[in-house]
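Report on one structure; see the data block that follows.
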Amino acid sequence: MQDNIYNPEKLVKSYRELPHGKARADAIRSAIEQADLNNDIPYMVFFREDFCGEAGEFADELDLFTVFPELLALVDSYPDLTLTPFQESGIQDEVLWDYETMLDACDVFYQIPLKECIKFYNDYKRRYTAYGYSNREPYRMISGFYLRTGDSANTTKYFKKFKSCPKGPDNCPGCDANSEIDYYLFNGEKEKADKLASKIEEGIVKCEGNPSFSLLRMKTTYLEYYIVNGSYKKAAEVASVLEYYRSMYKEFSPWHFIMCACLYKNPGKGLKIYKKHYKEWEEEHNPNEKFNAYMCAACFFKGLRKTSNRDTVKLMFKKQFPLYNGSGIYSTTSLIEYYYKEAEQIAAKFDKRNRTGIYTDKLRKSFANVYRGEDC
């Protein structure tokens, strides 16, 4: 009977011994249920904070849209909430951090309506300034959201607002620089982007919390940029840096783009990456990640056919794979068509949500620019 007594500290220790991912997320959800049953307000908040962090980085981000609003409601209802021993900073900072995680999810799930996304971003801005911070960080994030949805006018509008706000202690130099790089690449101003990138490369500008994040984020951005624009030699150089770091964070381990970069001089390695990751790409819940993976797979097999003169490839697919035929021999044409069509369907859903054509344009451009030789 003693084991059935509610013990929040023991629950924390128990689920933190689990590996990151679904198992830990499920264990935290169980802890939430127990805290709710015991009306333990501090841990009702804390467990939800931990869940948002786990779901956002390692599990299913879509779950954030159920749990995070519950967290906000609790924080609003209990403004003088007592902290648990596991909370290092104030509730306000914890909430803002988790809010940013949910806003990231707004970008990558077409299931969240555009109006809802904008509402969340505006609420984040309201809370951020109410806690005594400036508008600079919210403007940076709102500009980034519109950039990723392909809304050029609002991207520029909020980028100018971001740049016009004075810097404060709450602003991260590395994040600011990466947002500027995104903006300049989006607008075709690569020279400006390259100047900022060199400062990150040299360590002049970096993220304060984790200096390597600024470099990895910048390299990931450039890797995608080079693949989409057909600069495979440069993509291979960037991919080697990301492989060296082999980050535990999915954001900085874009194996689909690294696979494409292998078309420059090492397509066999790219095929090994495909064989290792194709199943997880099929099971991916994040539609933006799935789109990128399928787009890259279509590009990779097009490039493989071109660089290696391979009309067929041997692959040991599981029976669940849509193209499974039992022979283990698949035509590169069928693989290209499958992945392109799937990516095209996801792109259409994002473009409908975003009211732009940014995803379809990206797919068509990257496919048209597939590996064109060593001078690219």
Side-chain angles (χ1 to χ4, degrees), residues 8-36 40-76 78 81-109 111-112 117 120-121 123-124 127-128 131 133 137-138 141 144-145 170 172 174-175 178 207-214 216-217 220 247-253 284-286 288-289:
E9 290 84 0
K10 186 177 179 180
L11 289 173
V12 175
K13 182 180 178 181
S14 177
Y15 69 65
R16 287 190 173 176
E17 290 177 349
L18 296 173
H20 287 296
K22 186 178 184 303
R24 185 186 284 204
D26 288 345
I28 301 174
R29 191 185 288 277
S30 176
I32 290 173
E33 293 172 356
Q34 293 184 56
D36 289 355
D40 187 349
I41 305 300
Y43 277 97
M44 288 168 65
V45 169
F46 172 73
F47 287 142
R48 283 173 170 82
E49 288 180 353
D50 251 16
F51 181 87
C52 288
E54 187 66 23
E57 292 288 353
F58 305 104
D60 191 344
E61 295 163 279
L62 204 55
D63 287 336
L64 291 167
F65 295 93
T66 301
V67 177
F68 185 73
E70 296 173 355
L71 171 61
L72 282 183
L74 285 167
V75 170
D76 289 344
Y78 301 95
L81 188 69
T82 303
L83 294 178
T84 71
F86 300 99
Q87 291 163 301
E88 298 178 358
S89 57
I91 290 295
Q92 295 175 347
D93 290 334
E94 297 279 354
V95 167
L96 291 177
W97 181 262
D98 288 331
Y99 217 141
E100 290 181 15
T101 301
M102 194 189 73
L103 292 177
D104 287 342
C106 280
D107 298 6
V108 299
F109 282 92
Q111 294 93 326
I112 311 303
C117 295
F120 285 133
Y121 271 97
D123 183 59
Y124 170 82
R127 291 174 184 273
Y128 196 89
Y131 293 163
Y133 299 119
E137 180 67 4
M141 294 181 64
F145 168 72
D170 56 307
C172 171
C175 293
N178 270 290
C207 288
E208 294 174 344
N210 191 325
S212 67
F213 275 22
S214 49
L216 295 174
R217 186 169 287 115
T220 302
S247 173
M248 68 179 288
Y249 293 97
K250 191 175 182 180
E251 177 186 0
F252 305 136
S253 299
E284 177 62 63
H285 293 292
N286 180 323
N288 180 71
E289 282 295 310

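We number each residue from 1, following the sequence as shown.
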**Prompt:** Does any non-hydrogen side-chain atom of R29 lie less than 4.5 Å from one of D63?
**Reply:** yes
**Message:** Closer than 3.5 angstrom, by distance alone: can the side chain of S214 be matched with the main-chain N or O of C207 as a donor-acceptor pair?
**Reply:** yes
**Asked** Can you name the nearest heavy-atom pair linking F46 to R16, along with the distance?
**Response** CZ-NH2, 3.4 Å
**Message:** For the OG1 atom of T84 and the CD atom of E49, what is their distance to the nearest 0.5 Å?
**Reply:** 7.5 Å
**Prompt:** Looking at side-chain heavy atoms only, is the closest gap between T101 and F68 below 4.5 Å?
**Reply:** no
**Message:** Test side-chain contact (heavy atoms from CB on, under 4.5 Å) on N286 and E61; report intermediate values, then the result.
**Reply:** CA-CA 7 Å; N286 180 323; E61 295 163 279; 2.7 Å; yes
**Asked** Are the side chain of E54 and the backbone of G21 linked by a donor-acceptor contact shorter than 3.5 Å?
**Response** yes
**Asked** Minimum heavy-atom separation for P8 to F47, with atom names?
**Response** O-CZ, 3.9 Å
**Request:** Side-chain contact test, heavy atoms from C-beta onward, threshold under 4.5 Å: evaluate it for E137 versus C175 and give yes or no.
**Result:** no
**Message:** If you define the side chain from C-beta out and look only at heavy atoms, does anything of D98 sit under 4.5 Å from L64?
**Reply:** no
**Message:** Quick check: do V12 and Y15 have side-chain heavy atoms less than 4.5 Å from each other?
**Reply:** yes
**Item:** From OH (Y128) to OH (Y121), nearest 0.5 Å
**Value:** 14.0 Å
**Complete:** Taken to the nearest 0.5 Å, the spacing of F213 CZ from C172 SG works out to 10.5 Å
**Message:** Quick one, R48 and L74 - any side-chain contact, counting heavy atoms below 4.5 Å?
**Reply:** yes
**Request:** Could you give me the CA-CA distance, side-chain angles and deciding distance for Y99 and C52, then say whether side-chain contact (heavy atoms from CB on, under 4.5 Å) is met?
**Result:** CA-CA 9 Å; Y99 217 141; C52 288; over 6 Å; no
**Asked** Any side-chain heavy atom of E94 within less than 4.5 Å of one from L71?
**Response** no
**Request:** Walk me through it: do R127 and D76 pass the test side-chain contact (heavy atoms from CB on, under 4.5 Å)?
**Result:** CA-CA 11 Å; R127 291 174 184 273; D76 289 344; 2.9 Å; yes
**Message:** Return the CZ to CG distance between F109 and D60, rounded to the nearest 0.5 Å.
**Reply:** 5.5 Å
**Qualifying residue, where the test is side chain to side chain contact (heavy atoms under 4.5 Å, CB included) with F51 and the options are T66, V67, D26** = V67
**Message:** To the closest 0.5 Å, what do you measure between CD1 (I32) and CG (L11)?
**Reply:** 11.0 Å
**Request:** Decide yes or no for I41 and M44: does some side-chain heavy atom of the first lie under 4.5 Å from some side-chain heavy atom of the second?
**Result:** yes
**Message:** Checking the side chain of R24 only, and the main-chain atoms of L18 only, is there a donor and an acceptor separated by less than 3.5 Å?
**Reply:** yes
**Request:** Nearest 0.5 Å please: distance from the CD atom of E9 over to the OH atom of Y43.
**Result:** 3.5 Å
**Message:** According to side-chain contact (heavy atoms from CB on, under 4.5 Å), who are the partners of L83, at least two apart in sequence or on a separate chain?
**Reply:** Q87, I91
